[in-house]
Amino acid sequence: MQKALDLALLGAGSVKTNPLVGCVIEKKGKIIATGHHKQFGGPHAEAIALKSAGKNAKDSTVYITLEPCCYFKGKKTPPCVNALIDAKVKKVVIAAKDPNPKVAGKSIKLLKKNGIVVESGLLESEFRRMNAPYSKFIKTNLPFVFLKVAMSLDGFIWSKSKTLLSSKTSLKFGHKLRASADAILVGINTILKDDPKLTVRLVKGKDPLRIILDNSLKIPLNSKVLNDSNALVVGSKTSFDPKKKIALEKKGISVLLLPSKNGKIDLHSLLKELGKRNICTLTVEGGSTIITSFFNENLFDKAFFVITPNILHEGIPVVSSDLKKFPKIKYVSFKSLGKDLLLEAKF
């Protein structure tokens, strides 16, 4: 099952609103086939593994990180539960039942009805942590929101004296996080101050959708983040510049106009819209204003604080003075990233 979980992670960043799933087929003490869900709309882990095993799958034990899918209206791929039954496997071991109400235990009942032994719950907590974004999306149709921020030891994210804080190891981690996300988000101040590309460069992987919160559409047309059409500029319905909107759209950049709340883009409306666009994971890399807004609305699900050994004394703090209340942290872990420290927090 651990091997199945490791395989599942290979699909990170490519399966969108689907879960990360791995499958291992064992027979007579030997692994005879493996598979993982590689991309959204593509074959599932079980289908890949069963195809690899062929007729040898008969009387085997199949380890799957998630309850196999069954038929429901709108399904894109053939149901894996039927494939397992047709292959005449002997036993199916599942890490977790599917939180999708369209599946939720139905496949387990169908397997048992066809004489297949089913066990569930093996390494379930590991699976749940890995697939927290899927579980949230399937229940709420809202993206799972990560915060990623690099900060000095005394709590600043930027200063005139030192604009780059992270070590090479930390930068690589940040790019790996980008590659695993459906979208990343920054505010217009980050664009005007740093002119970042927001692309994946230090690791192999696809570029996420780049989202810029920009109330009045002040973003310069020659900004590096607008080098291709894989960007979304989000403005306010009440304060956007109509001419700039036209110019952005002529450049091939999508523009989304949303309601405002207290002079800022309504973040709840934003997340609902992203959910409609099948954005399952959103990483916020914004500055102090954006981070504070997400904290005030209690919208972060998980955070990665890269703490560097720098002491800056002054500059832009992680959160602004507008912070109402820092949310309660449920879980914290620490590990080193080169000379830096990675604090992982769940809210």
Side-chain angles (χ1 to χ4, degrees), residues 13-17 40 133 136-138 140-148 177-200 206-301 322:
S14 300
V15 300
K16 293 182 76 66
T17 56
F40 183 73
K136 180 183 178 182
F137 188 88
I138 208 70
T140 65
N141 206 40
L142 295 172
F144 192 92
V145 184
F146 293 92
L147 164 64
K148 183 266 171 181
L177 193 63
R178 281 183 187 177
S180 67
D182 293 325
I184 57 174
L185 180 147
V186 300
I188 184 59
N189 290 336
T190 296
I191 301 299
L192 297 176
K193 189 180 299 293
D194 299 329
D195 194 20
K197 293 180 180 178
L198 299 181
T199 54
V200 175
K206 66 170 186 61
D207 289 333
L209 175 69
R210 306 183 297 276
I211 302 172
I212 304 96
L213 294 193
D214 182 9
N215 275 28
S216 55
L217 306 186
K218 295 188 294 185
I219 188 167
L221 292 175
N222 62 350
S223 298
K224 292 175 183 176
V225 77
L226 303 181
N227 280 350
D228 61 53
S229 61
N230 188 33
L232 174 66
V233 179
V234 182
S236 166
K237 285 183 177 180
T238 55
S239 59
F240 76 98
D241 179 351
K243 291 183 179 178
K244 193 61 166 293
K245 179 177 182 293
I246 293 171
L248 286 164
E249 290 173 338
K250 280 185 178 180
K251 189 177 172 69
I253 305 299
S254 298
V255 178
L256 172 64
L257 300 176
L258 292 175
S260 294
K261 184 179 179 181
N262 299 323
K264 298 177 181 179
I265 292 166
D266 182 11
L267 296 178
H268 291 274
S269 296
L270 172 64
L271 294 184
K272 286 180 182 179
E273 183 60 37
L274 295 182
K276 292 177 185 176
R277 298 179 181 219
N278 283 336
I279 299 296
C280 184
T281 52
L282 172 69
T283 298
V284 174
E285 292 191 10
S288 180
T289 301
I290 296 295
I291 292 171
T292 302
S293 295
F294 271 83
F295 270 133
N296 283 340
E297 297 294 330
N298 199 27
L299 295 177
F300 285 123
D301 296 293
D322 293 331

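Computation of the quantities below employed the complete heavy-atom set of this structure, encompassing side-chain atoms and omitting hydrogens, waters and symmetry-equivalent molecules.
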**Study point:** Lys251 versus Leu221, closest heavy-atom pair with distance
**Key:** CE-O, 3.1 Å
Practice item. Indicate yes or no: at least one non-hydrogen side-chain atom of Ile279 is less than 4.5 angstrom from one of Thr17. Key: no
Check your understanding: Less than 4.5 Å apart, any side-chain heavy atom of Pro143 and any of Cys280?
Key -> no
Revision key, fill the gap. Ser229 and Gly252 have their tightest heavy-atom pair at CB-O, 3.3 Å
Review point. Between Phe300 and Ile291, what is the shortest heavy-atom contact and its length?
Key: CE1-O, 3.6 Å
**Study point:** Asp322 to Thr292 - nearest heavy-atom pair and separation
**Key:** C-CG2, 3.8 Å
Review point. Could you state the interatomic distance from CG (Leu198) to CD1 (Ile184), rounded to the nearest 0.5 Å?
Key: 4.0 Å
Practice item. State, with a plain yes or no, whether a side-chain heavy atom of Phe240 is found less than 4.5 Å away from one of Pro242. Key: yes
Point to revise | Shortest non-hydrogen separation from Arg178 to Thr199 and the atoms involved | key: NH1-O, 2.8 Å
Check your understanding: What residue among Val200, Thr281, Leu185, Asp182 forms side chain to side chain contact (heavy atoms under 4.5 Å, CB included) with Pro208?
Key -> Val200
Review point. So, for Phe144 and Phe137, is the gap between ring centers shorter than 6.0 Å?
Key: no
**Study point:** Passing option when Leu256 is tested against Val233, Ile211, Leu232, Ile265 for side chain to side chain contact (heavy atoms under 4.5 Å, CB included)
**Key:** Leu232
Check your understanding: Does a donor on one side chain sit under 3.5 Å from an acceptor on the other, for Ser239 and Ser216?
Key -> no
Check your understanding: Is Lys261 paired with Glu297 through a side-chain N to carboxylate O contact shorter than 4.0 Å?
Key -> yes
Review point. Can you find a pair of side-chain heavy atoms, one from Lys148 and one from Val284, that are under 4.5 Å apart?
Key: no
Review point. Salt bridge or not for Lys272 and Asp266, using N-O below 4.0 Å?
Key: no
Point to revise | Side-chain heavy atoms of Phe294 within contact of Leu147, under 4.5 Å | key: no
Review point. Under 4.5 Å between any side-chain heavy atoms of Thr238 and Asn215, yes or no?
Key: no
Exercise for review: Decide yes or no for Val255 and Lys244: does some side-chain heavy atom of the first lie under 4.5 Å from some side-chain heavy atom of the second?
Suggested key: no
Study note, to complete from the structure: With Lys264 as partner, the option from Leu213, Thr289, Asn296, Ile290 fulfilling side chain to side chain contact (heavy atoms under 4.5 Å, CB included) is Thr289
Point to revise | NZ/Lys16: more than 12 non-hydrogen atoms of other groups inside 6.0 Å | key: yes
Check your understanding: Is there side-chain contact between Asp301 and Pro133, with heavy atoms separated by less than 4.5 Å?
Key -> no
Practice item. Could you tell me which non-hydrogen atom of Thr190 sits nearest to which non-hydrogen atom of Gly287, and how far apart they are? Key: OG1-N, 3.5 Å
Exercise for review: Show the numbers, then the answer: is there a side chain to side chain contact (heavy atoms under 4.5 Å, CB included) between Arg210 and Ile191?
Suggested key: CA-CA 11 Å; Arg210 306 183 297 276; Ile191 301 299; over 6 Å; no
